[in-house]
There are 2 protein chains.
Amino acid sequence: MHLPIHNEENSRAIKQKPLGQVVADELRRRIWTGEIAYGERLLEAELAAELDISRSSLREALQSLEYEGLVINKARKGTFVYNFTKQDMKEITELRYLIEIPALLKTTSRITDEDIAYLETLLVEMERLIDEEKWYDLFNIDMQFHLTLVHRCGNSRIISMYKVIQTQIRTFLSQLEPYYREKKQLFTKEHAMLVEAFKKRDVQKVERLAKEHINQVAVTLDFVD
Amino acid sequence: MHLPIHNEENSRAIKQKPLGQVVADELRRRIWTGEIAYGERLLEAELAAELDISRSSLREALQSLEYEGLVINKARKGTFVYNFTKQDMKEITELRYLIEIPALLKTTSRITDEDIAYLETLLVEMERLIDEEKWYDLFNIDMQFHLTLVHRCGNSRIISMYKVIQTQIRTFLSQLEPYYREKKQLFTKEHAMLVEAFKKRDVQKVERLAKEHINQVAVTLDFVD
DNA sequence: TGTGGGTATGTTGTCGACATTCGCATATCA
DNA sequence: TGATATGCGAATGTCGACAACATACCCACA
């Protein structure tokens with residue numbers, strides 16, 4: 001069972017955020033944890049009742065998720081959780097090469113020591129979560145790691161587009177969770193090496209490591225099926 | 001004065017489309033024609049009444065426009081038409097280099113003779129609209145031209161991201177309209193040369209022309225102020 | 001037994017109204 | 001006079017209900 005979206009203790013903290021955004025966060029969580037299955041139809045009345053909110057706010061959330069590519073809405077037919085395919089992974093990998101790689105290269109010359117210090121705390125956090133096998137939290141930290149890097153690229157539009165891609169990447173990672181159990185060490189090591197490259201402001205190394213890291217996800221997917 | 005969104009003659013044709021999308025189209029039109037000014041606050045009740053629709057559908061439309069970056073919604077403060085700056089133009093230009101150029105290069109080897117034939121009809125249309133000085137329609141054809149090219153790149157995510165960028169580019173063009181009056185010939189010529197390059201499947205030429213074309217917009221903006 | 005049409009049921013699309021919050025004008029006091 | 005408190009009007013956030021539509025089922029009839 002889950003806590004209601006707006007229980008007493010949270011109501012003050014999140015009152016600033018539109019309810020639709022809070023609901024979108026919750027739906028993303030349910031998708032990534034598998035509580036909502038891929039391909040599943042999302043009945044508005046049912047879901048709204050379960051979350052104890054109105055259909056209006058739910059629909060607002062669904063529109064956000066549709067923009068992110070996590071669900072697909074067929075007019076008059078309903079909203080369905082999008083079921084990613086290998087073809088989707090190819091598209092996403094191509095986009096990462098076009099957007100994330102150039103973003104990281106720009107970041108290399110703009111990254112601050114504070115950024116690097118923060119990244120290193122994330123690395124520590126990663127290792128802990130890997131030990132405890134808390135995959136959901138681990139992937140969250142992973143998102144934060146990459147977003148921190150892209151965030152320094154200096155182009156707000158690149159950042160917001162990367163967020164969309166990242167949401168989809170995360171969806172893949174969630175599905176690949178069992179395969180990542182085998183690659184615990186690799187996971188931390190790749191990120192640690194990236195941090196080292198940024199620390200040295202070594203553009204070539206960043207590019208090489210980043211490409212390898214991106215390929216890693218694509219390769220992992222190939223083992224499935 | 002404008003026709004109401006859902007008058008009798010249109011009601012059948014657009015009944016399939018969610019009202020929110022129709023409203024979004026109308027709002028885009030009003031922004032691009034200048035009927036709605038940049039920076040203007042959009043009062044939901046007022047706008048909904050004027051369009052003769054409910055606030056729900058209007059809010060759905062506004063959410064779409066916010067994703068496209070045409071408006072910005074400040075929680076509890078209202079929705080405002082986004083006012084683009086030169087800095088925004090720089091970001092957009094950078095993104096075009098990252099997304100549109102690679103897309104066009106991929107298209108070069110995938111474009112069909114039917115595509116080229118269609119592009120040539122658009123060229124004819126462009127010349128006619130330039131003669132008649134119908135700038136709004138001209139920019140619409142321009143969007144269709146570029147979208148046709150990007151559409152052949154084979155990556156659906158690149159296409160949908162390009163659509164977002166293009167909507168913002170279009171917003172700039174609308175503001176630069178007076179400057180384009182001076183460049184009538186250049187406008188058609190650049191597109192015609194691009195078509196020729198695609199016809200020959202000449203990747204290098206496509207890349208060079210496309211970059212020049214992108215720079216052209218950025219340069220035009222520099223004359224402003 | 002298979003098919004077509006019509007009805008019943010359930011779901012999405014759209015609407016109007018209430019609840020909450022914000023900003024501004026006015027009032028009050030140092 | 002200036003700064004701060006306060007109350008009112010207006011706009012956004014959220015909700016529940018009705019309307020329009022799609023689907024599934026059932027029955028009549030070939």
Between A/S56 and D/dG13, is there a side-chain N or O to OP1/OP2 distance below 4.0 Å? no

Residues A/K106, B/E94: salt bridge by 4.0 Å N-O rule: yes

Any chance you could measure A/H213, atom NE2, to A/I101, atom CD1, to the nearest 0.5 Å? 10.0 Å

For B/Q21 and C/dT12, give me the distance from atom CD to atom P, rounded to whole Å. 18 Å

Using a strict heavy-atom distance below 4.0 Å, which residues from residues 59-69 of chain B are in contact with DNA chain D? B/R59

Ionic contact status for B/R181 with B/E177, cut-off 4.0 Å: yes

Ion pair present between B/R30 and B/E26, side-chain N to carboxylate O less than 4.0 angstrom? yes

For the residue pair B/T33 and B/E35, confirm or rule out a side-chain donor-acceptor distance under 3.5 Å. yes

OP1 or OP2 of D/dG13 sitting under 4.0 Å from any side-chain N/O of A/S57? no

Using a cutoff of under 3.5 Å, can you pull out all pairs of nitrogen or oxygen atoms linking the protein to nucleotides 5-10 of chain C, with atom names and distances?
none

Should the pair B/D115-B/R110 be classified as a salt bridge under the 4.0 Å nitrogen-to-oxygen rule? no

Base, sugar-phosphate alone, or nothing: which one does A/L42 contact when heavy atoms must sit under 4.0 Å apart? sugar-phosphate

Counting side-chain heavy atoms from C-beta on, which of D/dG13, D/dC15, C/dC15 comes nearest to A/I53? D/dC15

I need the CG-P distance between B/L58 and D/dG13, as an integer number of Å. 12 Å

Using whole Å, what does the distance between atom C1' of nucleotide D/dA20 and atom NZ of B/K17 come to? 19 Å

Where do N or O atoms of nucleotides 23-25 of chain D meet protein N or O atoms at under 3.5 Å, pair by pair?
none

Is it the case that the side chains of A/Y118 and A/Q144 hold a donor-acceptor pair, with the cut-off being a distance below 3.5 Å and no angle test? yes

Could you check whether A/Y38 and A/F84 have their ring centres less than 6.0 Å apart? no

Which residue, A/L70, A/V23, A/L42, forms the side chain to side chain contact (heavy atoms under 4.5 Å, CB included) with A/L62? A/L42

Integer-rounded Å distance: C/dT14 C1' and B/L51 CG: 15 Å

A/R55 CZ - D/dC18 C1' separation (whole Å): 11 Å

Go through the side-chain N and O atoms of B/Y67 and B/Q63 and say whether any donor and acceptor fall under 3.5 Å apart. yes

Rounding to an integer number of Å, can you tell me how far B/E44 CD sits from C/dC22 C1'? 14 Å

CG of A/N73 versus P of C/dT14: gap in Å, rounded? 11 Å

May I have the distance from A/L19 (atom CG) to D/dT12 (atom P), rounded to whole angstrom? 18 Å

Short side-chain donor-acceptor distance under 3.5 Å, B/H151 and B/H146: no

Compute whether any side-chain donor of one residue and acceptor of the other, for A/Y97 and A/N215, lie under 3.5 angstrom apart. yes

Give the nucleotide from the list C/dT12, D/dG13, D/dG16 with an atom nearest to the side chain of A/S54. D/dG16

